Colleague: 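Dumping the structure here so I can ask a few things about it.
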Amino acid sequence: MIPDVAERTAEVSDICRQFHVARLDLYGKAVTADSLTDEDGLTFIVDFQSLPLGDYFDSYFGLLESMEELFGIPIKLLTENAIATNPYSRPVDEAAKLRVYGD
């Protein structure tokens with residue numbers, strides 16, 4: 001995992017609690033690389049606690065904005081549900097996935 005994420009696990013945990021995250025996984029190049037280029041962003045796969053629809057949207061965008069502010073780079077935020085229900089999504093490469101928050 002890149003040091004930027006490893007060094008900020010406490011802040012990430014605080015943000016996850018604030019926005020009702022059940023699980024958050026770092027995904028992709030940031031899991032296996034030691035560093036990223038300036039063009040790279042971070043990709044996370046998120047699973048939220050059970051929320052009413054309006055609260056879900058607030059949590060999603062609040063999490064996205066808070067993570068971008070914390071890391072200072074673009075964040076891609078994929079949801080477990082979107083991956084599971086999208087017939088065009090590729091299967092998740094479990095080797096490129098690392099839990100950063102949750103069970």
Side-chain angles (χ1 to χ4, degrees):
M1 172 178 12
I2 63 166
D4 288 350
V5 177
E7 294 167 359
R8 292 183 172 95
T9 55
E11 294 97 325
V12 169
S13 293
D14 290 343
I15 291 168
C16 287
R17 281 189 291 278
Q18 179 182 357
F19 293 107
H20 312 284
V21 172
R23 285 187 315 277
L24 184 71
D25 296 320
L26 182 62
Y27 185 69
K29 182 178 177 181
V31 172
T32 56
D34 292 329
S35 63
L36 298 175
T37 67
D38 290 340
E39 291 93 36
D40 292 326
L42 295 174
T43 301
F44 291 93
I45 299 174
V46 63
D47 188 25
F48 289 99
Q49 299 167 9
S50 184
L51 296 168
L53 189 58
D55 292 344
Y56 173 84
F57 288 115
D58 291 342
S59 289
Y60 179 90
F61 288 108
L63 176 64
L64 180 62
E65 290 171 4
S66 294
M67 296 293 275
E68 286 182 338
E69 185 177 313
L70 175 64
F71 290 106
I73 58 176
I75 300 291
K76 292 179 188 170
L77 194 56
L78 309 172
T79 64
E80 291 278 355
N81 186 45
I83 293 169
T85 60
N86 184 344
Y88 301 104
S89 68
R90 289 182 273 160
V92 171
D93 178 4
E94 294 296 324
K97 185 174 162 183
L98 179 67
R99 181 74 32 95
V100 293
Y101 178 80
D103 300 340

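Keep in mind that what you see is a predicted model, and the values were worked out from it rather than measured.
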Colleague: Which donor-acceptor pairs under 3.5 Å do the side chains of residues 41-58 make with protein atoms, sequence neighbours left out?
Modeller:
residue: Asp47; atom: OD2; partner: Arg23; partner atom: NH1; Å: 3.3
residue: Asp47; atom: OD2; partner: Arg23; partner atom: NH2; Å: 2.9

Colleague: Who passes side chain to side chain donor-acceptor pair (under 3.5 Å) against Asp14, sequence neighbours left out?
Modeller: Arg17
Colleague: Tell me the closest heavy-atom pair linking Ser66 and Phe19, and the distance in Å.
Modeller: OG-CE1, 3.3 Å
Colleague: Set out, in order, the CA-CA distance, both residues' side-chain angles and the distance that settles side-chain contact (heavy atoms from CB on, under 4.5 Å) for Val12 and Met67, then state yes or no.
Modeller: CA-CA 8 Å; Val12 169; Met67 296 293 275; 4.2 Å; yes
Colleague: Please report the closest heavy-atom contact between Leu24 and Cys16, naming both atoms and the distance.
Modeller: CD2-SG, 3.6 Å
Colleague: Just jot down the side chain to side chain contact (heavy atoms under 4.5 Å, CB included) partners of Gln18, sequence neighbours excluded, or say none.
Modeller: none
Colleague: When the side chains of residues 72-83 are checked against the rest of the protein, which donor-acceptor pairs come out under 3.5 Å, sequence neighbours left out?
Modeller:
residue: Thr79; atom: OG1; partner: Ala82; partner atom: N; Å: 3.1

